[in-house]
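First comes the structure, then the notes that go with it.
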Amino acid sequence: MPGEFQGKVAVITGGSRGIGRGIAVALAKEGTRTVLVSSSESNLAAAAKTVGAAGGPASVTIVANLKTLDGCQQVFNTVKDKFGRCDILVNSAGATKAGNFVDLPDEAWMDGYALKLFGCVRMCRRNWRHRTPVGD
């Protein structure tokens, strides 16, 4: 629907590369205010330029470690202070260490789940009550 995303606030974790950046570009083209989240400041800077070139409002970037509760809270607090709401949450952050399935140590698996699973759960829990109600 044309205009459906106009003026919405979208938080995109993993927004500096790959699928996250692609989603941010698509939302920016629709007039969405994008908040790009990544652990890499240099990747975020490059992504913000790419997303900005797509049109729409300028992107906000947040460098945070979403493997930690503090990192997730930092993102939530920044978005709340700047926009007062989160209309769209895209959990796209995730990286897994490469290796042989049977030889990959438990620490590598735990590190991957800290970001992919727990980062996602924490971001959802923080933003659940902070979203725009349906129909608004």
Side-chain angles (χ1 to χ4, degrees):
M1 298 175 86
E4 183 177 2
F5 298 107
Q6 182 75 33
K8 299 287 185 184
V9 176
V11 176
I12 303 114
T13 70
S16 68
R17 298 186 326 181
I19 293 169
R21 184 177 61 198
I23 291 170
V25 166
L27 288 170
K29 287 179 180 178
E30 297 295 322
T32 304
R33 300 157 84 182
T34 58
V35 179
L36 309 178
V37 182
S38 173
S39 60
S40 170
E41 188 170 0
S42 61
N43 287 349
L44 276 174
K49 288 180 184 176
T50 301
V51 174
S59 295
V60 171
T61 60
I62 303 171
V63 177
N65 180 359
L66 300 182
K67 293 177 187 177
T68 69
L69 182 59
D70 288 343
C72 295
Q73 190 64 47
Q74 172 197 346
V75 173
F76 174 79
N77 291 343
T78 302
V79 173
K80 182 179 177 188
D81 293 346
K82 182 145 185 83
F83 298 108
R85 68 183 202 279
C86 171
D87 302 307
I88 303 164
L89 174 62
V90 177
N91 284 300
S92 184
T96 303
K97 291 183 172 65
N100 183 307
F101 177 79
V102 295
D103 296 331
L104 203 60
D106 281 355
E107 294 78 26
W109 289 100
M110 298 304 288
D111 184 67
Y113 279 108
L115 179 58
K116 289 182 178 182
L117 177 63
F118 292 110
C120 175
V121 168
R122 289 172 177 150
M123 291 301 298
C124 288
R125 290 177 70 193
R126 266 147 196 75
N127 285 286
W128 187 261
R129 292 188 185 111
H130 195 61
R131 69 194 189 286
T132 302
V134 176
D136 285 1

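Since this is a predicted model, take the numbers as computed values, not measurements.
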Of the non-hydrogen atoms in [X] and [Y], which two are nearest, and what is the gap between them?
{"X": "K82", "Y": "V60", "answer": "CE-CG2, 3.5 Å"}
{"X": "G94", "Y": "K116", "answer": "CA-CG, 3.7 Å"}
{"X": "S59", "Y": "V51", "answer": "OG-CG1, 3.1 Å"}
{"X": "C86", "Y": "V79", "answer": "CB-CG1, 4.3 Å"}
{"X": "R85", "Y": "K8", "answer": "NH2-CA, 4.1 Å"}
{"X": "V37", "Y": "A64", "answer": "CG1-CB, 4.4 Å"}

Would you mind writing out the side-chain donor-acceptor pairs for residues 9-27 within the sub-3.5 Å range, not counting sequence neighbours?
from : atom 1 : to  : atom 2 : distance (Å)
T13  : OG1    : V90 : O      : 3.4
T13  : OG1    : S92 : N      : 2.9
T13  : OG1    : A93 : N      : 3.2
S16  : OG     : S38 : OG     : 3.1

Can you tell me how far the [atom1] atom of [X] sits from the [atom2] atom of [Y], to the nearest 0.5 Å?
{"X": "L89", "Y": "W128", "atom1": "CG", "atom2": "CH2", "result": "10.5 Å"}
{"X": "F83", "Y": "T78", "atom1": "CZ", "atom2": "OG1", "result": "10.5 Å"}
{"X": "D111", "Y": "D106", "atom1": "CG", "atom2": "CG", "result": "12.5 Å"}
{"X": "R33", "Y": "I88", "atom1": "CZ", "atom2": "CD1", "result": "12.0 Å"}
{"X": "I62", "Y": "N77", "atom1": "CD1", "atom2": "CG", "result": "9.5 Å"}
{"X": "R126", "Y": "F76", "atom1": "CZ", "atom2": "CZ", "result": "8.5 Å"}

Next on the checklist: Test your reading of the model: is there a side-chain donor-acceptor pair from Q74 to the backbone of V63, 3.5 Å cut-off?
Outcome noted: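 Indeed, once roles are kept as given, a pair shorter than 3.5 Å links the two residues.
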Item to check | Transitive ILVMFWY side-chain link F101 to M110, under 4.5 Å | outcome: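 In one cluster: no.
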Checklist entry - Any link between L117 and W109 through a network of hydrophobic side chains (Ile, Leu, Val, Met, Phe, Trp, Tyr) touching at under 4.5 Å? => result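 In one cluster with L117: W109, yes.
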Next on the checklist: Do R122 and L66 make a side-chain contact, defined as non-hydrogen atoms from C-beta onward lying under 4.5 Å apart?
Outcome noted: no
